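One structure is given below, encoded as structure tokens.
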Number of protein chains: 2
Amino acid sequence: MLESIAYIAQQIKEARETKGLSQRALSEKVGIPQSHISRIENGAVNLQLSSLIELARVLELELILVPKEAQKATGAIIREAQRPKKKSDIHNQLVHSSASKNRAKYQLDDED
Amino acid sequence: MLESIAYIAQQIKEARETKGLSQRALSEKVGIPQSHISRIENGAVNLQLSSLIELARVLELELILVPKEAQKATGAIIREAQRPKKKSDIHNQLVHSSASKNRAKYQLDDED
DNA sequence: TCTTATGATGTGTCTTAATATATCTTTTCT
DNA sequence: AGAAAAGATATATTAAGACACATCATAAGA
């Protein structure tokens with residue numbers, strides 16, 4: 001399983017696409033090779049925390065641990081934040097939704 | 001830097017203590033050696049995402065990526081969730097506050 | 001078509017997380 | 001004090017992340 005890694009990987013990919021960055025562009029900003037970013041986004045690696053944090057920083061995301069009981073409430077807020085605020089941002093919606101069509105394969109070993 | 005690792009490590013430690021678990025007890029639940037949990041909580045290792053996710057699962061935490069703009073709002077909700085709901089839970093507050101006295105050393109290499 | 005941009009994939013090397021195991025220190029009891 | 005529990009630390013081994021680098025496949029544009 002480890003579908004949580006799939007979720008995180010997908011979040012990274014969507015955030016990158018929302019920002020209109022190619023893997024190579026992100027690679028230069030964050031200092032991680034494009035080949036590795038590809039593997040990360042496809043869930044092909046069990047990345048280290050430092051890599052995730054660096055990616056998150058450049059993508060203006062914050063990695064946090066939320067108590068399960070608070071998850072629903074935070075989820076609502078986050079979805080709200082991700083909603084484009086200006087009509088000129090509808091473009092983002094398109095990029096975003098096309099991104100969510102992508103299936104993550106996640107060939108990580110089934111541990112647990 | 002990588003103070004975000006310190007933050008995550010501290011969150012794990014506090015969640016464990018709030019649940020009244022020893023490192024060894026958590027070790028058995030999650031299948032990670034106590035020695036490694038110690039290193040994780042002290043920020044002495046740059047742990048892998050699977051380890052963090054496994055720990056979070058057992059500690060009933062969810063690892064999420066929050067847009068920076070939504071961070072304040074989610075922070076408020078999370079603090080609310082962490083507040084003990086019953087008077088009988090004041091015990092947790094004590095454990096929790098004693099935990100926060102601990103300084104993390106974080107001898108991780110200064111990258112960036 | 002040829003080029004260009006993008007993402008995916010392969011290989012070899014180095015580093016280090018994760019493991020097993022043991023031990024040591026510190027704290028907390030009785 | 002001594003015993004027990006808890007956390008920190010040491011060592012050796014194994015597994016795999018991260019890297020550099022090249023290359024492949026595909027799609028988009030000229």
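Quantities reported herein were computed from a predicted structural model and do not represent experimental measurements. Just so it is clear, the values below take in all heavy atoms, side chains as well, and ignore hydrogens, waters and symmetry mates. First the proteins, then the strands, lettered A, B, ... as listed; each starts at 1.
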What side-chain hydrogen bond (donor to acceptor under 3.5 Å, both in side chains) pairs are there with at least one residue in residues 23-33 of chain B, not counting sequence neighbours?
-> Gln23(B)-Gln34(B), Gln23(B)-Glu41(B)

Starting at CG of Leu47(B) and ending at C1' of dA18(D), how long is that distance when rounded to a whole Å?
-> 16 Å

Which whole-number value in Å describes the distance from Ile40(B) CD1 to dG7(D) C1'?
-> 14 Å

With sequence neighbours left out, what residues match Glu60(A) under salt bridge (Lys or Arg N to Asp or Glu O under 4.0 Å)?
-> Lys19(A)

Figure out the CG/C1' separation between Leu26(B) and dG7(D), and round it to whole Å.
-> 13 Å

Using atom CG of Leu49(B) as one end and atom P of dA16(D) as the other, report the distance to the nearest whole Å.
-> 15 Å

So, is Asn42(A) near the phosphate of dA8(C), with a side-chain N or O under 4.0 Å from OP1 or OP2?
-> yes

Which whole-number value in Å describes the distance from Glu28(A) CD to dT6(C) C1'?
-> 14 Å

Glu17(B) CD to dG7(D) C1': how many Å, rounded?
-> 10 Å

Extract from the structure each pairing of a protein N or O with an N or O of nucleotides 4-6 of chain D at less than 3.5 Å, listing the distance.
unit_1 : atom_1 : unit_2   : atom_2 : d
dA6(D) : N7     : Arg24(B) : NH1    : 3.4

CG of Leu55(B) to CG of Leu65(A), rounded to nearest 0.5 Å, is 9.5 Å

Specify the closest pair of heavy atoms between Asn46(A) and Leu49(B), including all atoms of both residues, with the distance to one decimal.
-> OD1-N, 3.4 Å

Separation of Leu55(B) atom CG from dA17(C) atom P, in whole Å?
-> 15 Å

Could you tell me which non-hydrogen atom of Ala9(B) sits nearest to which non-hydrogen atom of Gly43(B), and how far apart they are?
-> CB-N, 4.3 Å

Residue list, salt bridge (Lys or Arg N to Asp or Glu O under 4.0 Å) with Lys68(A), at least two apart or on another chain = Glu62(B)

Non-hydrogen atoms of Ile8(B) and Leu63(A) that approach each other most closely = CD1-O, 4.0 Å

Angle, rounded to 10°, between the helical axes spanning five pairs at each terminus of the helix from dT1(C)-dA30(D) to dT30(C)-dA1(D)?
-> 40°

Identify, with sequence neighbours excluded, every residue that meets side chain to side chain contact (heavy atoms under 4.5 Å, CB included) alongside Arg39(B).
-> Ser35(B), His36(B), Ala44(B), Val45(B)

CG of Asn46(B) versus P of dC19(D): gap in Å, rounded?
-> 11 Å

Between residues 30-38 of chain B and DNA chain C, which residues have a heavy-atom gap below 4.0 Å?
-> Gly31(B), Ile32(B), Pro33(B), Ser35(B), His36(B)

For residues Ala15(A) and Leu61(A), report the shortest heavy-atom separation together with the two atoms involved.
-> CB-CD1, 3.7 Å

Do the side chains of Leu52(A) and Ile12(A) get nearer than 4.5 Å, heavy atoms only?
-> yes

For the side chain of Arg39(B), starting at C-beta, report the closest nucleotide among dA8(C), dT19(C), dA17(C).
-> dT19(C)

Please set out all donor-acceptor pairs under 3.5 angstrom arising from side-chain atoms of residues 71-79 of chain B, sequence neighbours excluded.
unit_1   : atom_1 : unit_2   : atom_2 : d
Thr74(B) : OG1    : Ala70(B) : O      : 3.1
Thr74(B) : OG1    : Gln71(B) : O      : 2.8

